[in-house]
Asks: 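Encoded as structure tokens, here's the structure I'll be asking about.
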Amino acid sequence: MGRFTGVEARGRFLDAYDRAMEHWPSPREERDIETRFGSTRVHVHGEGDGIPLVLLPGQNATPAVWASSVAAFAEGRPVLAVDRVGEPGYSSQTAPIRTADDTAAWLEEVLTGLGADRAHLVGHSYGGWVALNHAVRAPGRVASLTLADPVGALAPLRPGFVLGAVAALLSGSERFQRRWFTRLVGDPGESPEAAEAQTRVVLEAMRGYRGRLIPPRRIGDEELRSVTAPVLLLMGGDSRATDARRAEARARRLLPDARTEIVRGAGHAIPVRVLNSRVPAFVSAVEARSGRSTQRR
């Protein structure tokens with residue numbers, strides 16, 4: 001299971017996390033959902049009759065990474081941002097997550113605890129893999145999927161990304177780690193203060209947390225064909241994490257209902273302006289189409 005290297009490391013990380021969460025809009029509610037894998041912290045903003053939007057961040061990112069998008073996503077619906085067990089944060093892991101089935105079981109228990117019978121899943125990086133894995137294993141729960149530069153699920157990780165991540169972790173040099181991370185994500189297009197706060201979160205995670213996440217495995221062709229939910233795939237055109245064109249081609253070929261876009265000039269982080277325009281429009285279109293289908297029946 002994931003763990004902090006010590007009490008001081010946990011304190012440094014949570015201080016950085018709390019500072020980054022100050023960039024979230026108000027009001028913000030915190031809920032702790034009990035699962036068989038441990039307690040999961042969920043941050044909630046917004047209200048309305050729309051189907052909830054569930055945000056799944058990348059590795060070490062925490063829900064703070066969504067700070068500049070939450071308000072845009074919360075128009076007419078609650079936004080629920082999940083602090084994944086096995087990662088640094090306020091969730092506490094009590095049992096290991098060893099398989100893709102375990103990952104889906106954990107998220108199912110979280111969504112059940114939140115009372116979210118249906119949810120729009122929005123995942124970035126590793127969170128994109130978690131979202132797509134869930135649509136394969138619990139299709140009845142998923143109203144739509146937005147995948148922002150997902151890793152592993154559609155195309156392999158780039159060897160340079162893996163080597164760079166290992167080198168950064170082992171270096172012990174904050175300067176090296178900062179340079180690696182900022183080159184990886186590119187320009188997210190948010191305020192310098194929010195971007196620096198998020199960078200600080202990731203640096204403290206690399207410095208003081210030892211994660212034990214299962215690798216984001218390739219999702220098979222037949223599994224992708226089985227996904228019934230509408231999918232919005234946003235890939236960074238200059239992503240150092242995965243091959244955007246290879247991922248897009250596979251999504252178009254195998255996912256029954258997919259909209260895809262390669263965002264020119266974007267790195268691993270899809271720019272805020274793109275997320276804040278594409279995601280609400282996509283989710284609204286999905287719900288409008290679903291409403292028309294219900295009326296026809």
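Owing to the predicted nature of the structure, the values given are computational and were not obtained by experimental measurement. Just the heavy atoms: all of them, side chains too, but no hydrogens, waters or symmetry mates, feed the values below.
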Asks: Please indicate whether Arg28 has more than 12 foreign heavy atoms, meaning atoms of other residues, nucleotides or ligands, lying under 6.0 Å from its CZ.
Replies: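 It does: Arg28 CZ has more than 12 such atoms within range.
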
Asks: May I have all residue pairs that pass ring pair (Phe, Tyr, Trp, His ring centres under 6.0 Å) and include part of residues 155-204, sequence neighbours excluded?
Replies: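 As it turns out, there is no ring pair (Phe, Tyr, Trp, His ring centres under 6.0 Å) pair with a partner in residues 155-204 once direct neighbours are skipped.
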
Asks: Is any side-chain heavy atom of Leu121 less than 4.5 Å from a side-chain heavy atom of Thr146?
Replies: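 They are not in side-chain contact.
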
Asks: For Glu29, is there an ion pair with Arg31 - N to carboxylate O distance below 4.0 angstrom?
Replies: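 Salt bridge flag = yes for Glu29 with Arg31.
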
Asks: Say whether Tyr126 and Val142 are linked into one hydrophobic cluster, either directly or through other cluster members, by side-chain heavy-atom distances under 4.5 angstrom.
Replies: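 Tyr126 and Val142: one cluster.
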
Asks: With no hydrogens and no angle check, do the side chains of His23 and Gln198 hold a donor and an acceptor under 3.5 Å apart?
Replies: no

Asks: Take atom CD of Glu30 as the centre, draw a 6.0 Å sphere, and report whether it contains more than 12 heavy atoms from other residues, nucleotides or ligands.
Replies: yes

Asks: Determine all donor-acceptor pairs shorter than 3.5 Å in which one atom belongs to a side chain in residues 50-66; sequence neighbours excluded.
Replies:
residue, atom, partner, partner atom, Å
Thr62, OG1, Ala64, N, 3.2

Asks: Evaluate side-chain contact (heavy atoms from CB on, under 4.5 Å) for Val151 paired with Asp149, printing each intermediate quantity in order.
Replies: CA-CA 6 Å; Val151 294; Asp149 217 50; 5.6 Å; no

Asks: Identify whether Trp129 and Leu213 are in the same connected component of the hydrophobic contact network (ILVMFWY, side-chain heavy atoms under 4.5 Å).
Replies: yes

Asks: Got a sec, which residues hit side chain to side chain donor-acceptor pair (under 3.5 Å) with Asp238, two or more places apart in sequence or on another chain?
Replies: none

Asks: Listed by chain and number, what are the side chain to side chain donor-acceptor pair (under 3.5 Å) partners of Asp257, not counting sequence neighbours?
Replies: Arg259, Arg289

Asks: If you draw a 6.0 Å radius around CZ in Arg179, do more than 12 non-hydrogen atoms from other residues or ligands fall strictly inside?
Replies: yes

Asks: When you compare the side chain of His120 with that of Ser144, does any pair of heavy atoms fall below 4.5 Å?
Replies: yes

Asks: Would you call Arg84 and Glu87 a salt bridge, taking side-chain N to carboxylate O under 4.0 Å as the test?
Replies: yes

Asks: Could you report the tightest heavy-atom contact between Phe282 and Val231, atom names first, then the distance?
Replies: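 In terms of heavy atoms, the two residues are closest at CZ-C, 3.7 Å.
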
Asks: Between Glu174 and Arg207 (salt bridge meaning N to carboxylate O under 4.0 Å), is one present in this structure?
Replies: no

Asks: Do the non-hydrogen side-chain atoms of Asp32 and Thr40 ever get within less than 4.5 Å of each other?
Replies: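 Asp32 does not reach Thr40 side chain to side chain.
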
Asks: Below 4.0 angstrom, N of the basic side chain to O of the carboxylate: do Arg240 and Asp243 qualify?
Replies: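 Judged by the 4.0 Å cut-off on N to carboxylate O distance, Arg240 and Asp243 do not form a salt bridge.
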
Asks: Pairs in or reaching into residues 83-117: which pass ring pair (Phe, Tyr, Trp, His ring centres under 6.0 Å), with residues at least two apart or in two chains?
Replies: Tyr17-Tyr90

Asks: Is a side-chain N or O of Glu223 found less than 3.5 angstrom from the main chain of Gly220, in a donor-acceptor match?
Replies: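 Yes; at least one donor-acceptor contact below 3.5 Å.
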
Asks: Any donor-acceptor pair under 3.5 Å linking the side chain of Arg158 with the backbone of Thr242?
Replies: yes

Asks: Before you tell me yes or no, could you show the steps for Leu234 and Leu275 under side-chain contact (heavy atoms from CB on, under 4.5 Å), namely the whole-Å CA-CA distance, both residues' side-chain angles and the distance that decides it to 0.1 Å?
Replies: CA-CA 9 Å; Leu234 301 171; Leu275 290 174; 4.0 Å; yes

Asks: Considering only heavy atoms from C-beta outward, does the side chain of Leu132 approach that of Leu224 to under 4.5 Å?
Replies: yes

Asks: For Thr112 and Arg141, test the side chains for any donor-to-acceptor distance below 3.5 angstrom and give the result as yes or no.
Replies: yes

Asks: Is there a path of hydrophobic side-chain contacts, each under 4.5 Å between heavy atoms of I, L, V, M, F, W or Y residues, that connects Met21 with Val82?
Replies: no

Asks: Rounded to the nearest 0.5 Å, how far does CD1 of Ile270 lie from OG of Ser69?
Replies: 11.0 Å

Asks: Do Val201 and Pro88 have side chains that get closer than 4.5 Å, going by heavy atoms?
Replies: no

Asks: So, using side-chain contact (heavy atoms from CB on, under 4.5 Å) as the criterion, who are the partners of Pro25 when residues are at least two apart?
Replies: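 Pro25 satisfies side-chain contact (heavy atoms from CB on, under 4.5 Å) with His45, Val70, Ala71 only.
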
Asks: Flag the pair Arg77 and Glu287 as a salt bridge only when some basic side-chain nitrogen lies within less than 4.0 angstrom of an acidic carboxylate oxygen.
Replies: yes

Asks: Residues in side-chain contact (heavy atoms from CB on, under 4.5 Å) with Gln177, at least two apart?
Replies: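 With sequence neighbours excluded, Gln177 shows a side-chain contact (heavy atoms from CB on, under 4.5 Å) to Ala168, Ser171, Leu203, Met206, given in chain and number order.
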
Asks: How would you list all residue pairs meeting salt bridge (charged side-chain N to carboxylate O under 4.0 Å, His left out) that involve residues 46-61, not counting sequence neighbours?
Replies: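 Non-adjacent pairs meeting salt bridge (charged side-chain N to carboxylate O under 4.0 Å, His left out): zero.
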
Asks: Does Arg10 reach the main-chain N or O of Arg3 with its side chain, forming a donor-acceptor pair under 3.5 Å?
Replies: no

Asks: Under 3.5 Å, is there a donor-acceptor pair between the side chain of Arg250 and the main chain of Leu255?
Replies: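 Looks like no, no N/O pair under 3.5 Å.
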
Asks: Pair Glu193, Arg19 - check side-chain contact (heavy atoms from CB on, under 4.5 Å), show working.
Replies: CA-CA 10 Å; Glu193 295 79 12; Arg19 289 176 182 270; over 6 Å; no

Asks: For Ser68, which residues count as a side chain to side chain donor-acceptor pair (under 3.5 Å) partner, sequence neighbours excluded?
Replies: Glu190

Asks: Do Val130 and Val79 share a hydrophobic cluster (ILVMFWY, side-chain heavy atoms under 4.5 Å, transitive)?
Replies: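 No, because Val130 and Val79 fall into different hydrophobic clusters, even though each may have its own neighbours under 4.5 Å.
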
Asks: Sequence neighbours left out, what passes side-chain contact (heavy atoms from CB on, under 4.5 Å) with Arg264? Give chain and number order.
Replies: none

Asks: Quick one: do the Arg252 and Thr260 side chains pair a donor with an acceptor below 3.5 Å?
Replies: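 Yes, Thr260 and Arg252 have a side-chain donor paired with an acceptor closer than 3.5 Å.
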
Asks: Got Ile33 and Ser39 here, is their nearest side-chain heavy-atom distance under 4.5 Å?
Replies: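 Ile33 vs Ser39: side chains apart.
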
Asks: Checking the side chain of Glu261 only, and the main-chain atoms of Val263 only, is there a donor and an acceptor separated by less than 3.5 Å?
Replies: no

Asks: Apply salt bridge (Lys or Arg N to Asp or Glu O under 4.0 Å) to residues Glu222 and Arg225 and explain how you reach the verdict.
Replies: CA-CA 5 Å; Glu222 291 307 313; Arg225 289 190 180 100; 2.5 Å; yes

Asks: Indicate yes or no for a side-chain donor-acceptor contact from Asp15 to the backbone of Gly11 under 3.5 Å, with no hydrogens or angles considered.
Replies: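 Looks like no, no N/O pair under 3.5 Å.
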
Asks: After noting the C-alpha distance and the side-chain angles of His268 and His124, does the key distance pass the side-chain contact (heavy atoms from CB on, under 4.5 Å) rule?
Replies: CA-CA 9 Å; His268 190 40; His124 171 244; 4.0 Å; yes

Asks: Taking the side chain as every heavy atom from C-beta outward, state whether Val42 and Asp83 have any atom pair closer than 4.5 Å.
Replies: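 No, too far: nothing below the 4.5 Å cut-off.
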
Asks: Mind checking ring pair (Phe, Tyr, Trp, His ring centres under 6.0 Å) for Tyr209 and listing every partner two or more places apart, or none if nothing turns up?
Replies: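 For Tyr209, the residues satisfying ring pair (Phe, Tyr, Trp, His ring centres under 6.0 Å) (neighbours in sequence not counted) are Phe4.
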
Asks: Got Asp18 and Phe13 here, is their nearest side-chain heavy-atom distance under 4.5 Å?
Replies: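 Asp18 does not reach Phe13 side chain to side chain.
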
Asks: Keeping Ser91 on the side-chain end and Arg41 on the backbone end, is there a donor-acceptor pair under 3.5 Å?
Replies: yes

Asks: Would Leu145 end up clustered with Val286 when hydrophobic side chains under 4.5 Å apart are linked, directly or stepwise?
Replies: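 No, Leu145 does not connect to Val286 through the hydrophobic network.
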
Asks: Applying side chain to side chain donor-acceptor pair (under 3.5 Å), name anything that partners Arg253, two or more places apart in sequence or on another chain.
Replies: none

